[in-house]
Amino acid sequence: MLNYDPLACLPSSEELPDSDDTPVDNELQDLIPGLLKAILAIAWAERMDWFFGVDMGIYYDPDLPAIVPDGFLSLGVERFYDENLRPSYVLWEEKILPILVLEVVSQTYRGEYSTKKAEYAKLGILYYVVYNPFRRRKPRLEVYKLVNNTYELHNGNPVWLPEIGLGIGIERGIYLGIPREWMYWYSQQGQRFLTPEEDRKLALQEAQQAKQQAQQAEQEAQQAKQQAQLLRERLRSLGIDPDSLT
């Protein structure tokens with residue numbers, strides 16, 4: 001009996017374009033999701049079941065073009081470490097839908113609050129995050145959760161995402177030497193996870209402190225040795241053999 005596998009007839013991730021080749025018109029569309037990915041690489045360094053894509057095509061139908069969010073997170077998928085990594089994210093290969101997508105709004109409106117929002121809801125993506133750095137009167141960060149096929153806005157900053165085990169929010173900081181408002185991951189207690197720069201700085205500080213403590217311990221040990229030697233010499237001057245006291 002012939003075993004027919006319909007997936008074998010579909011294009012693979014290696015054969016599909018990795019993005020839609022649409023140039024970004026705002027550098028933040030690359031830097032913000034890139035920072036989130038870099039933070040995860042530190043916070044989840046031991047985990048092998050996640051993937052964060054930046055400006056990468058998500059293929060959900062072989063007859064339709066990919067959707068390309070600025071960033072997306074998938075859980076329960078394999079982390080690749082080979083030299084080619086993931087060329088694209090193909091649902092009929094991965095079999096796991098991204099749990100979160102991120103759109104960073106540029107000065108050129110691209111349907112982040114309308115068509116893209118509806119498209120992600122139709123796909124069934126649980127969290128839809130929109131960051132608009134140009135807003136002044138409305139919240140710049142909006143986090144939507146899919147409830148009964150409709151996105152509901154969750155207020156707060158940061159917003160806790162229980163299905164992911166992280167919070168997401170915005171605050172001012174410095175990344176790549178640029179002081180501005182950035183997007184970060186947070187713990188359930190609201191503590192912000194470190195950026196790569198902050199992690200390196202903390203590691204250097206801890207290494208310096210450890211070195212100073214080792215030097216101090218060595219100095220104290222040397223002082224104790226000198227004091228013991230002076231005491232032995234004093235005992236000998238009094239006619240007492242210090243070795244007889246042991």
Side-chain angles (χ1 to χ4, degrees), residues 5 7-8 10-19 30-62 66-104 119-131 141 143-147 151 154 158-169 175 182-200 202-203:
D5 182 5
L7 295 180
L10 298 177
S12 68
S13 58
E14 291 82 4
E15 299 169 303
L16 294 167
D18 57 2
S19 72
D30 176 66
L31 293 180
I32 286 178
L35 174 57
L36 291 175
K37 182 175 183 176
I39 294 173
L40 278 185
I42 298 172
W44 286 355
E46 303 302 320
R47 289 185 58 169
M48 304 298 294
D49 63 344
W50 64 276
F51 174 71
F52 194 96
V54 177
D55 191 30
M56 175 181 285
I58 301 174
Y59 287 90
Y60 60 97
D61 188 317
I67 55 173
V68 187
D70 292 320
F72 68 89
L73 173 65
S74 288
L75 299 181
V77 298
E78 182 183 0
R79 290 188 71 186
F80 290 166
Y81 285 99
D82 60 56
E83 62 183 22
N84 295 320
L85 302 175
R86 264 184 178 85
S88 57
Y89 194 87
V90 180
L91 287 182
W92 55 84
E93 290 182 347
E94 305 285 355
K95 299 181 176 61
I96 294 179
L97 193 69
I99 194 170
L100 176 147
V101 295
L102 165 68
E103 293 287 355
V104 179
E119 190 172 26
Y120 294 134
K122 185 178 179 180
L123 278 178
I125 293 175
L126 184 61
Y127 287 107
Y128 176 44
V129 180
V130 186
Y131 176 61
L141 177 67
V143 179
Y144 296 90
K145 184 175 183 179
L146 195 64
V147 179
Y151 278 126
H154 283 229
V159 176
W160 177 246
L161 315 174
E163 295 83 359
I164 299 176
L166 293 172
I168 194 167
Y175 176 54
W182 294 101
M183 191 176 299
Y184 301 96
W185 298 109
Y186 294 79
S187 69
Q188 191 169 7
Q189 293 72 35
Q191 183 177 1
R192 179 171 68 79
F193 285 92
L194 298 180
T195 68
E197 293 169 318
E198 293 168 338
D199 187 63
R200 285 193 296 270
L202 179 61

Of the non-hydrogen atoms in [X] and [Y], which two are nearest, and what is the gap between them?
{"X": "Tyr175", "Y": "Leu31", "value": "CE2-O, 4.0 Å"}
{"X": "Ala66", "Y": "Gly57", "value": "CB-CA, 3.9 Å"}
{"X": "Ser187", "Y": "Trp160", "value": "C-CZ3, 3.7 Å"}
{"X": "Trp92", "Y": "Pro62", "value": "CZ3-N, 3.4 Å"}
{"X": "Phe193", "Y": "Glu198", "value": "O-OE1, 4.3 Å"}

Sub-4.5 Å side-chain heavy-atom contact between [X] and [Y]:
{"X": "Val68", "Y": "Asp55", "result": "yes"}
{"X": "Ile99", "Y": "Ile125", "result": "no"}
{"X": "Pro33", "Y": "Leu102", "result": "yes"}
{"X": "Leu36", "Y": "Met183", "result": "yes"}
{"X": "Trp182", "Y": "Thr195", "result": "no"}
{"X": "Leu91", "Y": "Asp61", "result": "no"}
{"X": "Pro98", "Y": "Ile58", "result": "yes"}
{"X": "Val77", "Y": "Trp50", "result": "no"}

Distance from [X] atom [atom1] to [Y] atom [atom2], nearest 0.5 Å?
{"X": "Leu100", "Y": "Leu75", "atom1": "CG", "atom2": "CG", "result": "9.0 Å"}
{"X": "Tyr89", "Y": "Tyr60", "atom1": "OH", "atom2": "OH", "result": "15.5 Å"}
{"X": "Leu161", "Y": "Leu126", "atom1": "CG", "atom2": "CG", "result": "8.5 Å"}
{"X": "Leu141", "Y": "Tyr131", "atom1": "CG", "atom2": "OH", "result": "8.5 Å"}
{"X": "Leu40", "Y": "Leu35", "atom1": "CG", "atom2": "CG", "result": "9.5 Å"}

Candidate pair Phe72 and Met56, rule side chain to side chain contact (heavy atoms under 4.5 Å, CB included), full reasoning: CA-CA 8 Å; Phe72 68 89; Met56 175 181 285; 4.0 Å; yes
Do Ile67 and Val101 pass the side chain to side chain contact (heavy atoms under 4.5 Å, CB included) test, and can you show the C-alpha distance, the side-chain angles, and the key distance before you say yes or no? CA-CA 11 Å; Ile67 55 173; Val101 295; 6.0 Å; no
Decide yes or no on side chain to side chain contact (heavy atoms under 4.5 Å, CB included) for Ile168 and Tyr127, but give the supporting numbers first. CA-CA 11 Å; Ile168 194 167; Tyr127 287 107; over 6 Å; no
For Glu78, which residues count as a side chain to side chain contact (heavy atoms under 4.5 Å, CB included) partner, sequence neighbours excluded?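 Only Phe80 meet the side chain to side chain contact (heavy atoms under 4.5 Å, CB included) criterion with Glu78.
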Quick one: side chain to side chain contact (heavy atoms under 4.5 Å, CB included) partners of Ala121, sequence neighbours excluded? Leu146, Tyr151
Applying side chain to side chain contact (heavy atoms under 4.5 Å, CB included) to Ile39 and Leu194, what does each step give before you reach the verdict? CA-CA 7 Å; Ile39 294 173; Leu194 298 180; over 6 Å; no
Any pair counted as side-chain hydrogen bond (donor to acceptor under 3.5 Å, both in side chains), so long as it reaches residues 32-47, sequence neighbours left out: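 Counting only pairs at least two positions apart or across chains, the side-chain hydrogen bond (donor to acceptor under 3.5 Å, both in side chains) contacts touching residues 32-47 are Arg47-Asp49.
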Side chains of Tyr59 and Glu93: any donor to acceptor distance under 3.5 Å?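 Their side chains do not contain a donor-acceptor pair, so the 3.5 Å distance test is not met.
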In terms of side-chain heavy atoms, does Glu103 have a donor or acceptor partner in Tyr120 at a distance below 3.5 Å?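 The answer is yes; a qualifying pair exists.
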Think Arg86 forms a cation-pi with Phe51, using NZ or CZ under 6.0 Å from the six-ring centre and within 45 degrees of its axis? yes
Could you tell me whether Arg192 sits above the aromatic face of Tyr184, with NZ or CZ closer than 6.0 angstrom to the six-membered ring centre and within 45 degrees of the axis?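 Yes - Arg192 lies over the ring of Tyr184, closer than 6.0 Å to its centre and within 45° of its axis.
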